[in-house]
Amino acid sequence: MRLLKDGQFSQLDALAAGQVTIDEKPESQSIHFSAFTGYGGLAVVARISRLNADTLAWTLEISNKTGYLIASVDYPCLTVADDLQDCGGESAIFYPRVEGVELTSVVKRDPDTEAVDLNREFQSMYPGHMPMQFMGYYNGREGLYFASHDIFGTPKVIEAYATDFGIRLGFRACHAITPMSEFKQPYPVITSLTGGSWYDCAELYREFIETSGMELPRKLYQNKTLPEWYHRSPVVVIFPPRSIRGTGYTGPNEFFPYVNSIKYLDELAEKFQSPVLSLLTYWEGSAPWCPPFNWPPYGGEEVFHEFLVAMHDRGFYVGLYGSGLNWTDKSLLCPEFDKTDYRIE
């Protein structure tokens with residue numbers, strides 16, 4: 001677990017417990033950890049229950065009678081053999097980034113140093129870049145399903161990396177357990193023996209999703225709040241009305257005035273047999289949502305409005321990638337854009 005006090009992180013694991021006791025029952029085991037040096041008042045109970053011949057459920061209880069906030073907990077800590085295909089083995093790992101990735105090799109990391117690096121965790125965070133809460137480890141004949149059956153969508157970092165002992169698979173759940181409190185993990189982590197492909201692991205996760213009562217987004221056809229144009233599913237065409245990528249030039253290009261782009265959009269709409277949505281954006285040095293590449297309208301409102309009317313007359317659409325909830329003081333590439341004083345005022 002990662003603990004926080006006075007702005008400083010520290011780490012603690014089960015091996016630091018001064019006292020460990022085990023309660024055995026026919027279908028479950030409870031491991032009690034206590035007497036942590038320097039963390040008096042901390043006690044952890046790890047429970048492992050057999051659901052069937054192939055499946056275990058892992059739950060956790062923590063008594064945090066300390067002055068520390070427990071920011072995250074990695075449990076269960078699971079390491080599999082490093083026998084992936086790129087290293088001459090037969091195995092692969094399903095990793096749930098975006099649509100899902102099959103890993104045939106992984107990078108080695110030192111968990112003692114990497115675990116306190118907060119800068120890039122958003123890339124491995126569920127919900128977010130990670131839309132699913134399961135991993136799989138398999139070799140074509142048999143496999144291991146490893147999943148958080150969490151219907152509450154608790155934020156967690158999902159990791160797979162090599163260590164000196166093999167490949168570590170982990171769910172680092174961000175529970176934020178406050179000082180002087182009791183905590184009981186509200187969901188089980190499941191490990192299950194299964195078939196030899198990612199399909200077999202995905203089928204178990206699908207069964208959980210469809211039978212658990214987890215609240216899911218409405219299907220698009222059921223969502224009555226979406227605008228009519230959304231259901232026409234226009235093809236999105238992205239272009240900037242100014243600049244030439246990679247040159248540092250930020251003046252008008254062949255798509256400006258905006259109506260210059262319509263001949264290309266007409267051609268694409270005919271080829272796609274679909275209405276189009278022109279999304280005006282550019283990856284500025286400070287990110288795509290920042291003015292002034294497109295907003296306020298480059299070239300003024302009049303030329304932008306002319307383009308808007310011409311697009312709507314064709315049944316086409318105009319989209320804009322704007323600042324959203326962010327505020328832009330200055331542009332890195334267009335120094336004439338400076339809204340610092342405006343914001344202060």
Query - Backbone of K330 reached by a side-chain donor or acceptor of D338 within 3.5 Å - result: no
Query raised in the report: So with a 6.0 Å cut-off around CZ of R314, is the heavy-atom count from everything else above 12?
Result: yes
Query raised in the report: Within 45 degrees of the axis of the six-membered ring of Y342 and under 6.0 Å from its centre: does K339 put its NZ or CZ there?
Result: yes
Query - No-hydrogen, no-angle side-chain donor-acceptor test under 3.5 Å, T104 and D86 - result: yes
Query raised in the report: Is Y145 reachable from V101 through a run of hydrophobic residues whose side-chain heavy atoms are each under 4.5 Å from the next?
Result: yes
Query raised in the report: Should M132 and V98 be regarded as members of a common hydrophobic cluster, given that ILVMFWY residues are connected when their side-chain heavy atoms come within less than 4.5 Å of each other, either directly or indirectly?
Result: no
Query raised in the report: So, for P127 and G153, which heavy atoms are closest and what is the spacing to 0.1 Å?
Result: CD-O, 3.8 Å
Query raised in the report: Is the side chain of Y205 donor-acceptor paired with the backbone N or O of Q133 at a distance under 3.5 Å, no angle test?
Result: yes
Requested in this report: Please check if any side-chain donor atom of S28 sits under 3.5 Å from a side-chain acceptor atom of S49, or the reverse.
Outcome: no
Query raised in the report: Taking C-beta and beyond as the side chain, do V20 and H32 meet within less than 4.5 Å on heavy atoms?
Result: no
**Report entry** Criterion ring-ring contact (aromatic ring centres under 6.0 Å, His included) against Y317, the qualifying member of W229, Y230, F307
**Finding:** W229
**Report entry** Approximate separation, where rounding is to 0.5 Å, of W58 CH2 and C77 SG
**Finding:** 9.5 Å
Query raised in the report: Using the ring of each side chain (for Trp, its six-membered ring), is Y264 parallel, tilted or perpendicular to F255, with breaks at 30° and 60°?
Result: perpendicular
Query - Flag, side chain of E142 to backbone of N139, donor-acceptor distance under 3.5 Å - result: no
Report task. Compare all side-chain heavy atoms of F134 with those of I209 and state whether any distance is below 4.5 angstrom. Result -> no
Query raised in the report: So do the side chains of V189 and F146 get within less than 4.5 Å of each other, counting heavy atoms only?
Result: yes
Query raised in the report: Is the Y39-Y68 ring centre distance short of 6.0 angstrom?
Result: yes
Query - Note, L265 side chain near M311 side chain (heavy atom, < 4.5 Å) - result: yes
Requested in this report: Kindly say whether E207 contributes a backbone atom to a donor-acceptor pair with the side chain of T211 at under 3.5 angstrom?
Outcome: yes
Report task. Using the ring-ring contact (aromatic ring centres under 6.0 Å, His included) rule, pick out the option among F183, F152, Y75 that qualifies with H175. Result -> F183
Query raised in the report: Ring centres of F94 and Y138 under 6.0 Å apart?
Result: no
Query - Residue pair K263, E267: steps toward the salt bridge (charged side-chain N to carboxylate O under 4.0 Å, His left out) verdict - result: CA-CA 6 Å; K263 60 183 178 181; E267 181 182 348; over 6 Å; no
Report task. Evaluate the criterion side chain to side chain contact (heavy atoms under 4.5 Å, CB included) for residue pair L69 and I177; output intermediate values, then yes/no. Result -> CA-CA 6 Å; L69 171 82; I177 304 165; 5.7 Å; no
Query raised in the report: Is the F208-H149 ring centre distance short of 6.0 angstrom?
Result: yes
Query raised in the report: Roughly how far, to the nearest 0.5 Å, is the CD1 atom of I93 from the CD1 atom of I167?
Result: 4.0 Å
Query raised in the report: If you take all heavy atoms of T250 and R242, which pair is closest and at what distance?
Result: O-NE, 2.9 Å
Requested in this report: Go through the steps to decide whether D83 and Y137 satisfy the test side chain to side chain donor-acceptor pair (under 3.5 Å), and finish with yes or no.
Outcome: CA-CA 10 Å; D83 59 351; Y137 167 73; 2.9 Å; yes
Query raised in the report: Is R141 reaching over with its side chain to a backbone N or O of G196, donor-acceptor style, under 3.5 angstrom?
Result: no
**Report entry** Atom pair CG (L56) and CD1 (I48), whose distance is rounded to the nearest 0.5 Å
**Finding:** 7.5 Å
**Report entry** Check against side chain to side chain contact (heavy atoms under 4.5 Å, CB included), L12 and F36
**Finding:** CA-CA 9 Å; L12 195 64; F36 292 91; 3.7 Å; yes
**Report entry** Electrostatic pair E210:R206 at N-O distance under 4.0 angstrom
**Finding:** yes
Query raised in the report: Are S30 and R47 linked by a side-chain donor-acceptor pair shorter than 3.5 Å?
Result: yes
Report summary line: Heavy-atom nearest pair, F33 first then A46, reads CE1-CB, 4.1 Å
**Report entry** Gap separating the CZ atom of F304 from the CG atom of L280, nearest 0.5 angstrom
**Finding:** 6.0 Å
Query raised in the report: With side chains defined as the heavy atoms from C-beta onward, is the minimum distance between M130 and R97 less than 4.5 Å?
Result: yes
Query - I62 side chain reached by I70 side chain, heavy atoms, under 4.5 Å - result: yes
Report summary line: Rounded to the nearest 0.5 Å, the CE atom of M135 sits from the CD1 atom of I158 at a distance of 6.5 Å
Requested in this report: List the steps, then state whether side chain to side chain contact (heavy atoms under 4.5 Å, CB included) holds for R172 with V73.
Outcome: CA-CA 5 Å; R172 193 187 319 153; V73 180; over 6 Å; no
Report task. Establish, yes or no, whether the cationic atom of K156 lies under 6.0 Å from the six-membered ring centre of F171 and within 45° of the ring axis. Result -> no
Query raised in the report: What heavy-atom pair brings Y221 and K224 nearest, and what distance separates the two atoms?
Result: O-NZ, 3.7 Å
Requested in this report: Please check if the side chain of S148 supplies one atom and the backbone of D150 the other of a donor-acceptor pair under 3.5 Å.
Outcome: no
Query - H312, NE2 atom: more than 12 neighbouring heavy atoms under 6.0 Å - result: yes
Query raised in the report: Is a donor on one side and an acceptor on the other found under 3.5 Å between the side chain of D200 and the backbone of S197?
Result: yes
Query - Pairwise side-chain contact, L60 with V44, heavy-atom cut-off 4.5 Å (strictly under) - result: yes
**Report entry** Pair K108 + D82: basic N to acidic O under 4.0 Å
**Finding:** no
Query raised in the report: Do S63 and E182 meet the criterion of a side-chain donor-acceptor pair at a distance under 3.5 Å?
Result: yes
**Report entry** Side chain proximity check, T55 to L204, heavy atoms < 4.5 angstrom
**Finding:** no
Query raised in the report: Mind checking whether F256 and Y258 have parallel, tilted or perpendicular rings, split at 30° and 60°?
Result: perpendicular
Query - Minimal non-hydrogen separation, Y249 against P252, with atom names - result: OH-O, 2.8 Å
Query - Evaluation steps, side chain to side chain contact (heavy atoms under 4.5 Å, CB included), between F316 and L277 - result: CA-CA 6 Å; F316 298 168; L277 185 155; over 6 Å; no
Query raised in the report: Does V236 belong to the same Ile/Leu/Val/Met/Phe/Trp/Tyr cluster as L220, with side-chain heavy atoms less than 4.5 Å apart forming each link?
Result: yes
Query raised in the report: Has the side chain of D6 got a donor or acceptor atom that lies under 3.5 Å from a matching backbone atom of Q8?
Result: no
Query raised in the report: How close do Q185 and T59 get, heavy atom to heavy atom, and via which atoms?
Result: NE2-CA, 4.2 Å
Report summary line: One should read off an interatomic distance between T194 OG1 and L144 CG, to the nearest 0.5 angstrom, of 9.0 Å
**Report entry** More than 12 heavy atoms of other groups within 6.0 Å of Q222 CD
**Finding:** yes
Report task. State yes or no: do L216 and Y126 share one hydrophobic cluster built from I, L, V, M, F, W and Y residues joined by side-chain heavy-atom distances below 4.5 Å, directly or via other members? Result -> yes
